[in-house]
Visitor: 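Got a structure here, written out as structure tokens. Questions coming.
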Amino acid sequence: MLDIKLLRDDPERITQNLRDRGVRVFDDLSSESDWASEAVARLAEFDQRYRELLSAADDLRREQNENSAATKAVGKLPKDQQAAARKPLIDAGRALRERERELSEQTELAREARDEAWSRVPNLTHPDSPRGHRDEDHAELHQWGTRRDFAAEGFTPKDHLELAEALDLVDFAAGAKVVGQKFYYLVNEAVLLDMALQRYALEVARKHGFKLHTTPDLARVDILDGLGFNPRGESTQVYSVADSDLCLVGTAEITLGGMLADEILDVERLPLLVAGLSHCFRTEAGSHGQESRGLYRVHQFTKVELFAFTVGELEISEAMHERLRDIEEELFQGLGLPYRVIDIASGDLGGPAYRKYDLEAWMPGRGDWGEITSTSNCTDYQARRLKIRYRPEPVDGKKQKPRMVHMLNGTAVATSRALVAILENYQQADGSVVVPEILRPLCGFDRIGPR
RNA sequence: GGAGGAGUGGCCGAGCGGUUUAAGGCGGCGGACUUGAAAUCCGUUGUGGGGGAAACCCUACCGGGGGUUCGAAUCCCUCCUCCUCCGCCA
């Protein structure tokens with residue numbers, strides 16, 4: 001959620017940002033050409049109405065307080081005068097209470113209407129993020145590594161599913177039977193490879209100063225809300241647990257980000273770097289048919305997530321964002337996987353992200369790049385709702401007001417996607433797969449197959 | 001799962017219907033004393049929201065939510081969390 005003051009001080013900035021991102025906020029706007037201005041005008045009306053009601057309700061509460069004080073003062077009068085003096089005050093107090101209740105209720109409804117709409121307004125967008133919403137609008141920043149020339153090697157590369165099935169590394173049929181489509185079992189060496197990837201990522205994270213965590217795989221709905229995930233509605237990406245306010249997490253970003261909700265941190269703790277290992281559950285609603293083969297898009301996978309809390313200054317959080325991207329690159333360079341880095345276009349950033357980089361590995365089986373990791377700077381957008389603040393250093397000996405932290409997340413490794421990239425890039429002509437050198441000590445073998 | 005007990009400011013802790021603008025202490029900050037420090041003494045101290053150019057004013061907040069009352073930290077209901085004991089369990 002953005003600071004509501006931005007709506008009052010710089011509505012044009014919000015309007016332009018809605019246009020850049022293609023976020024309509026309301027789905028019943030009449031104007032096709034200027035829906036963004038219309039949306040901002042409606043938000044401003046909501047805010048105005050709330051503030052008027054709040055002001056009126058505050059006035060009534062002040063009257064109530066004055067009335068209580070007056071009633072209390074009656075005790076100082078001579079005994080025989082008290083009852084007569086108290087009676088009109090109590091009657092007045094009763095009337096005030098009735099009006100105050102009514103007005104409070106209206107105020108609360110107005111606040112909910114405003115906040116509900118305001119929370120759908122996405123974060124501001126980095127000036128350098130490319131504008132647009134099509135795939136080709138993303139900016140490729142650079143590439144790393146050399147893609148193998150399979151023609152020169154004399155064979156046609158298989159995709160990871162063919163390889164995995166031939167090597168008996170994955171069982172989708174059993175997954176479908178026991179849970180449903182897009183669930184799977186890892187089998188044989190894939191189990192160890194999966195764990196080696198986790199171990200590798202955790203060690204790199206630790207080396208860079210991240211405090212390691214295993215995290216809960218469920219979280220409360222308000223934590224999801226705070227991080228900008230929408231646990232409700234038809235297009236939700238998360239599973240909800242029946243008869244509870246819990247959801248299966250789609251990423252440890254949720255549990256790592258929620259850890260410090262409602263806290264005011266000492267500035268010495270920042271930047272605070274945490275890493276979390278968790279399972280990730282995604283409904284993939286609306287994505288049927290896309291990338292449907294194999295491990296690329298599944299309902300459950302395992303991930304090591306990097307998370308950073310920094311002071312609320314853009315120069316600092318942007319530097320941290322570059323650092324997270326560097327760590328992601330280091331991880332995939334270590335695995336020897338060719339990749340490219342993408343600066344995500346405005347229309348494709350999630351609501352909370354101010355800027356987002358994706359790493360896309362080359363996937364020979366698809367003959368295309370495929371997203372393997374992603375890192376976002378969410379600035380103070382998530383912190384505001386989660387109430388994660390810090391106390392800045394005193395200025396001229398004066399204690400400073402708490403400020404919102406900036407929050408950033410990045411994938412260290414999502415094992416399913418990493419397995420896709422490894423199987424496809426390290427396949428051999430005989431159908432076997434060589435294990436990336438850096439994982440060998442963690443796996444205990446250097447090749448899978450041929451079988 | 002059962003039975004008790006407890007949640008109060010940055011921390012500890014009193015208060016259990018209107019002298020509380022939340023006592024007292026610790027910590028923090030400022031000052032006095034001191035060559036300096038310690039000790040001592042004095043003052044000060046939270047968060048959100050609304051209004052205001054500002055000084056400042058108003059309002060809310062004693063685990064969350066709801067209720068009773070002219071008035072709630074205090075009484076009632078409900079949920080959450082923690083502690084003690086019992087049972088069960090990997």
Side-chain angles (χ1 to χ4, degrees), chain A residues 1-9 43-77 79 81-116 118-119 214 216-226 241 243-247 255 258-270 312 380 383-405:
Chain A
M1 192 166 64
L2 287 170
D3 187 347
I4 193 73
K5 292 193 175 74
L6 210 54
L7 177 67
R8 300 167 194 167
D9 299 342
L43 287 163
E45 278 167 36
F46 279 5
D47 183 45
Q48 185 64 27
R49 173 165 166 76
Y50 165 66
R51 281 195 287 169
E52 282 166 8
L53 283 166
L54 180 66
S55 173
D58 272 359
D59 279 346
L60 262 182
R61 276 188 281 272
R62 182 176 45 73
E63 281 187 61
Q64 281 186 300
N65 288 339
E66 285 165 0
N67 188 260
S68 297
T71 314
K72 189 167 73 175
V74 166
K76 294 199 172 76
L77 294 174
K79 280 267 186 307
Q81 294 175 24
Q82 289 189 7
R86 195 174 273 127
K87 177 76 167 65
L89 289 169
I90 288 179
D91 289 345
R94 203 170 277 143
L96 282 170
R97 185 177 67 188
E98 295 310 313
R99 276 164 57 207
E100 194 276 335
R101 277 185 187 182
E102 202 176 315
L103 208 48
S104 286
E105 200 175 317
Q106 286 176 36
T107 309
E108 187 52 25
L109 289 173
R111 191 190 62 77
E112 279 169 21
R114 183 197 72 176
D115 287 353
E116 196 272 322
W118 184 243
S119 69
T214 63
D217 288 336
L218 289 89
R220 289 183 203 284
V221 167
D222 13 310
I223 298 290
L224 282 272
D225 273 331
V241 178
D243 301 321
S244 80
D245 62 346
L246 299 176
C247 301
T255 42
M259 258 190 322
L260 296 173
D262 295 317
E263 293 192 28
I264 299 176
L265 309 169
D266 290 331
V267 71
E268 297 80 45
R269 289 181 70 187
L270 301 174
D380 60 5
R384 185 161 294 104
R385 251 225 271 183
L386 292 168
K387 298 199 197 68
I388 308 180
R389 294 168 292 176
Y390 69 101
R391 173 111 34 210
E393 296 284 5
V395 174
D396 299 331
K398 271 189 166 165
K399 205 169 170 182
Q400 297 295 294
K401 286 269 177 197
R403 291 189 59 185
M404 300 296 166
V405 297

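When reading the values below, keep in mind they use all heavy atoms of this one structure, side chains included, and skip hydrogens, waters and symmetry mates. This is a predicted model, so every value here is computed, not measured. Chain letters run A, B, ... following the sequence lines, proteins first, then strands; residues in each count from 1.
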Visitor: How about Thr107(A) and Tyr50(A): do any of their side-chain heavy atoms sit closer than 4.5 Å?
Guide: yes
Visitor: From Arg99(A) CZ over to Leu60(A) CG, what is the distance, rounded to the nearest 0.5 angstrom?
Guide: 5.0 Å
Visitor: Excluding sequence neighbours, so at least two apart, what forms salt bridge (charged side-chain N to carboxylate O under 4.0 Å, His left out) with Arg269(A)?
Guide: none
Visitor: Could I get the full list of salt bridge (charged side-chain N to carboxylate O under 4.0 Å, His left out) partners for Arg384(A), not counting sequence neighbours?
Guide: Asp380(A)
Visitor: My understanding is that only residues two or more places apart in sequence, or in another chain, count here; which of them pass salt bridge (charged side-chain N to carboxylate O under 4.0 Å, His left out) with Arg403(A)?
Guide: none
Visitor: My understanding is that only residues two or more places apart in sequence, or in another chain, count here; which of them pass side chain to side chain donor-acceptor pair (under 3.5 Å) with Asp225(A)?
Guide: Arg232(A)
Visitor: Taking the C1' atom of each, how far is G18(B) from C12(B), in whole Å?
Guide: 28 Å
Visitor: Please report the interatomic distance CZ(Arg385(A)) to CG(Leu2(A)), rounded to the nearest 0.5 Å.
Guide: 11.0 Å
Visitor: Base, backbone or nothing for each nucleotide of nucleotides 56-61 of chain B, written B, S, -, heavy atoms under 4.0 angstrom, 5' to 3'?
Guide: --SSS-
Visitor: What is the distance from CZ of Arg49(A) to P of G49(B), rounded to the nearest Å?
Guide: 21 Å
Visitor: Please report the distance separating the C1' of A73(B) from the corresponding atom of G64(B), rounded so that it comes out in whole Å.
Guide: 15 Å
Visitor: Roughly how many Å apart are U47(B) and A22(B), using the C1' atom of each and rounding to a whole number?
Guide: 15 Å
Visitor: Between the protein and nucleotides 18-21 of chain B, which nitrogen or oxygen pairs are less than 3.5 angstrom apart?
Guide:
unit_1: U19(B); atom_1: OP1; unit_2: Lys72(A); atom_2: NZ; d: 2.8

Visitor: From NZ of Lys87(A) over to C1' of G71(B), roughly how many Å is that when rounded to an integer?
Guide: 17 Å
Visitor: If we take the P atom in both A37(B) and C56(B), what is their distance in whole Å?
Guide: 31 Å
Visitor: Do the side chains of Arg220(A) and Leu246(A) get nearer than 4.5 Å, heavy atoms only?
Guide: yes
Visitor: If we only count heavy atoms from C-beta on, is the Glu263(A) to Ile388(A) side-chain gap below 4.5 Å?
Guide: no
Visitor: Within the 4.0 Å heavy-atom criterion, would you say Leu54(A) contacts the bases, only the backbone, or no part of the nucleic acid?
Guide: sugar-phosphate
Visitor: In this structure, how many angstroms lie between the P atom of C11(B) and the CG atom of Asp266(A), rounded?
Guide: 11 Å
Visitor: Which residues pass the side chain to side chain donor-acceptor pair (under 3.5 Å) test with Asp115(A), not counting sequence neighbours?
Guide: Arg111(A)
Visitor: How long is the line joining CG of Asp47(A) and C1' of G49(B), in whole Å?
Guide: 12 Å
Visitor: Going by the salt bridge (charged side-chain N to carboxylate O under 4.0 Å, His left out) test, which pairs reach into residues 63-72 of chain A, not counting sequence neighbours?
Guide: Arg62(A)-Glu66(A)
Visitor: Quick one: which protein N/O atoms are closer than 3.5 Å to N/O atoms of nucleotides 45-48 of chain B? Pair and distance per line, please.
Guide:
unit_1: U47(B); atom_1: OP1; unit_2: Arg391(A); atom_2: NH1; d: 2.7
unit_1: U47(B); atom_1: OP1; unit_2: Arg391(A); atom_2: NH2; d: 3.4
unit_1: U47(B); atom_1: O3'; unit_2: Arg389(A); atom_2: NH1; d: 2.9
unit_1: G48(B); atom_1: OP1; unit_2: Arg389(A); atom_2: NH1; d: 3.2

Visitor: Flag the pair Val267(A) / Arg391(A) as yes when at least one side-chain heavy-atom distance between them is below 4.5 Å, and no otherwise.
Guide: no
Visitor: Rounded to the nearest 0.5 Å, how far apart are CE of Met404(A) and CG of Leu386(A)?
Guide: 10.0 Å
Visitor: Given the P atoms of G15(B) and G1(B), what is the spacing between them in whole Å?
Guide: 34 Å
Visitor: Which of residues 94-116 of chain A sit near RNA chain B, with a heavy atom under 4.0 Å from it?
Guide: Arg94(A), Arg97(A), Arg101(A)
Visitor: How far, in whole Å, is G46(B) from G7(B) if one measures between their P atoms?
Guide: 25 Å
Visitor: Pairing of RNA chain B as dot-bracket, 5' to 3': ( ) intra-strand, [ ] crossing, | other strand, . unpaired, with Watson-Crick or G-U pairs under 3.5 Å?
Guide: ((((((((.[[[..)..(.....]]]((((((.......))))))((((((....)))))).[[[[[..)....]]]]])))))))....
Visitor: Would you please name every residue forming a side chain to side chain donor-acceptor pair (under 3.5 Å) with Asp91(A), sequence neighbours left out?
Guide: Lys87(A)
Visitor: Mind checking the C1' distance from U8(B) to U74(B)? Whole angstroms is fine.
Guide: 11 Å
Visitor: I need the Ile4(A) CD1 to Phe46(A) CZ distance, nearest 0.5 Å.
Guide: 11.0 Å
Visitor: Kindly compute the distance separating CG (Asn65(A)) from CG (Leu96(A)), expressed to the nearest 0.5 Å.
Guide: 10.0 Å
Visitor: Distance check, P atoms only: A38(B) and G28(B), in whole angstrom units.
Guide: 11 Å
Visitor: Could you tell me whether the side chain of Arg61(A) reaches within less than 4.5 Å of the side chain of Asp58(A), counting heavy atoms only?
Guide: yes
